[in-house]
2 protein chains.
Amino acid sequence: MALSRTRIARPVRPPRPAGEKGPQLQAAKAAQTRARLIEATVRCLVKYGYANTTTPKVAEEAGLSRGAMMHHFENGTSLIKSTIAELHEKRLRAFRRAADKPVHEVTDLVETYWRQLQKPAFIAFHELAVAARTDTELASILKPLQDEFSEKFNAQAEQLFPEWAAAPANFALAMTLSQTILEGMAISLQTGAMDEGKVEPMLRHLEGQIAALAPAAPAAVQAAAKPQRMPRRKSS
Amino acid sequence: MALSRTRIARPVRPPRPAGEKGPQLQAAKAAQTRARLIEATVRCLVKYGYANTTTPKVAEEAGLSRGAMMHHFENGTSLIKSTIAELHEKRLRAFRRAADKPVHEVTDLVETYWRQLQKPAFIAFHELAVAARTDTELASILKPLQDEFSEKFNAQAEQLFPEWAAAPANFALAMTLSQTILEGMAISLQTGAMDEGKVEPMLRHLEGQIAALAPAAPAAVQAAAKPQRMPRRKSS
DNA sequence: CAAAAAACAATCATATCTGTCTTTTTGTCA
DNA sequence: TGACAAAAAGACAGATATGATTGTTTTTTG
């Protein structure tokens with residue numbers, strides 16, 4: 001899509017003359033259409049990759065004309081920006097949801113994050129991240145969100161497992177280790193650099209590692225031998 | 001670059017009427033120009049990413065006209081193919097060179113591979129790998145080479161450290177662990193998802209892990225967890 | 001109901017990349 | 001030196017993406 005060079009946005013006329021009894025039904029429909037377009041963008045990112053995610057493809061995927069699409073997002077950059085924001089919030093939401101679940105063992109974080117990485121949102125995000133390497137505009141949008149995610153990821157874990165506060169170095173290492181291994185595996189699977197069969201042992205090993213790094217590790221090593229209870233299925 | 005849809009290559013006329021006293025100097029120059037074009041392609045992949053690595057950009061990077069370029073590679077697909085082959089052989093060459101060095105400790109493999117991953121060749125390769133996810137033609141070219149590399153990577157390590165033959169499961173895990181962590185870190189650094197300062201601790205930890213997985217592990221590193229029992233892999 | 005605004009659709013002009021073709025330059029050898 | 005082929009350069013048409021403009025339908029609202 002190539003995020004065109006920055007343009008001077010012409011003055012947007014006030015979307016509502018006065019904020020009083022404004023229309024509701026139409027606004028709802030517009031929001032719905034915008035959401036449909038954003039979802040279509042994510043699907044396109046997964047199907048075609050960032051490079052081939054063009055405005056016509058997205059419009060077709062959303063079942064709209066390109067003209068209609070440009071009505072909701074005045075240019076491709078705008079659409080990408082909104083899509084990134086949506087993906088970001090979806091990641092955060094998924095994490096918050098996971099934190100509400102009652103059972104919290106050390107290894108739950110691994111399982112939860114691994115499941116996250118199987119979903120299309122991560123593929124789309126990685127497409128964007130790779131493109132951002134050579135696209136400064138895209139990078140400037142993505143970078144702060146990546147940092148925020150990392151921060152919240154750690155905060156979440158820190159809050160969930162307060163006992164780690166005693167060993168901040170180990171905690172940081174465990175976090176980095178988890179993110180690196182899980183994301184690395186997810187990418188390797190996608191790009192065909194890794195065999196599917198190697199996933200299970202790696203997950204088990206990582207869980208063992210985290211347990212071993214835990215400060216007051218009670219029967220830590222045993223955790224690695226725990227029967228796996230996770231139905232791992234590929235998300236479509 | 002988008003590797004155009006497959007085309008029927010028209011019959012290539014025999015490059016040399018008769019193989020006798022054919023010109024040598026000119027042929028050498030042609031080979032040199034081809035090499036220059038391939039190098040330019042790699043630089044473009046690093047600078048602009050796969051999507052924006054276009055034939056005009058490569059020609060400009062090589063200091064040639066596009067017409068001259070098309071003389072050496074009849075289409076963009078051909079250029080990409082040759083570039084991939086060159087990158088692949090370069091990776092293998094670098095590994096063979098590393099194997100010739102006298103000192104061989106367990107952690108040497110980590111250091112060596114990590115150094116490899118810092119070079120532009122890996123960035124270019126990853127660009128191609130990501131693009132291949134949504135480009136079947138590119139994937140069909142890349143996949144066998146990826147498999148071959150994995151195979152040779154393991155073979156190299158197996159030959160370098162024969163003592164691991166006693167624990168094939170641990171060996172496989174150590175290999176996967178190394179590749180996943182190192183490649184994952186390299187990508188995370190490139191895409192800005194990871195902080196530079198976290199690299200060193202991770203390298204140190206990985207080395208400890210490998211040492212701990214080693215069969216005749218003599219007093220495994222303190223920081224690392226004790227070697228845990230790994231699921232025994234079925235003999236292949 | 002009628003005007004206004006939003007949603008949607010269709011088209012145009014521009015730009016770029018691609019593959020092919022033609023022309024010029026350079027080097028090799030009879 | 002002059003013929004000849006390779007190397008290099010330039011030009012062309014087809015395809016596609018983009019942003020902008022204009023036209024049409026639907027919905028809100030006075």
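In the text below, chain A, chain B and the rest are named by the order of the sequence lines, each starting its count at 1.
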**Item:** Selected nucleotide, minimal atom distance to Thr55(A) side chain, candidates dA9(C), dT18(D), dA8(D)
**Value:** dT18(D)
**Prompt:** Separation of Met69(A) atom CE from dA20(D) atom P, in whole Å?
**Reply:** 13 Å
Throw together a table of side-chain donor-acceptor distances under 3.5 angstrom for residues 174-189 of chain B, partners on residues two or more places apart or in other chains.
| unit_1 | atom_1 | unit_2 | atom_2 | d |
| --- | --- | --- | --- | --- |
| Thr176(B) | OG1 | Ala172(B) | O | 2.9 |
| Ser178(B) | OG | Ala174(B) | O | 2.8 |
| Thr180(B) | OG1 | Thr176(B) | O | 2.8 |
| Glu183(B) | OE2 | Tyr113(B) | OH | 2.4 |
| Ser188(B) | OG | Gly184(B) | O | 3.0 |

**Item:** d(CE, Met70(A); P, dG19(D)) in whole Å
**Value:** 5 Å
**Prompt:** Would you call Glu200(B) and Arg204(B) a salt bridge, taking side-chain N to carboxylate O under 4.0 Å as the test?
**Reply:** yes
**Message:** Using heavy-atom distances to pick each residue's nearest nucleotide on DNA chain C, tell me which of Lys57(B) and Gly67(A) is more 5'.
**Reply:** Gly67(A)
**Prompt:** Which of these nucleotides, dA9(C), dT18(C), dG19(D), is closest to any side-chain atom of Leu64(A)?
**Reply:** dA9(C)
**Asked** Looking at dT18(D), dG19(C), dC8(C), which one has an atom nearest to any side-chain atom of Ser65(A)?
**Response** dC8(C)
**Message:** Between Arg96(A) and Asp100(A), does any side-chain N to carboxylate O distance fall below 4.0 Å?
**Reply:** no
**Request:** Rounded to the nearest angstrom, tell me the gap between atom CG in Asn75(A) and atom P in dT21(D).
**Result:** 13 Å
**Item:** Rounded distance in Å - CG (Leu37(B)) to P (dA8(D))
**Value:** 9 Å
**Message:** Between C1' on dC8(C) and CZ on Arg34(A), what's the gap in Å once rounded to a whole number?
**Reply:** 16 Å
**Request:** Consider the side chain of His71(A), meaning its heavy atoms from C-beta on, and name the nucleotide among dA8(D), dA6(C), dA20(D) that approaches it most closely.
**Result:** dA6(C)
**Prompt:** For Leu79(A) and dG19(D), what is the distance between atoms CG and P respectively, to the nearest whole Å?
**Reply:** 10 Å
**Message:** I'd like to know if Lys152(A) and Glu148(A) make a salt bridge, using a cut-off of under 4.0 Å between side-chain N and carboxylate O.
**Reply:** yes
**Item:** Out of dC8(C), dA17(D), dG19(D), whichever nucleotide has its closest atom nearest the side chain of Thr33(A)
**Value:** dC8(C)
**Prompt:** Glu86(B): what forms a salt bridge (charged side-chain N to carboxylate O under 4.0 Å, His left out) with it, not counting sequence neighbours?
**Reply:** Arg93(B)
**Prompt:** Could you state the CD-P distance from Glu60(B) to dT16(C), rounded to the nearest angstrom?
**Reply:** 13 Å
**Asked** To the nearest Å, how far apart are Glu74(B) CD and dT18(C) P?
**Response** 15 Å
**Listed nucleotide nearest any side-chain atom of Arg66(B), set dA17(D), dA9(C), dG19(C)** = dG19(C)
**Request:** Consider the side chain of His72(B), meaning its heavy atoms from C-beta on, and name the nucleotide among dA8(D), dT18(C), dA9(C) that approaches it most closely.
**Result:** dA8(D)
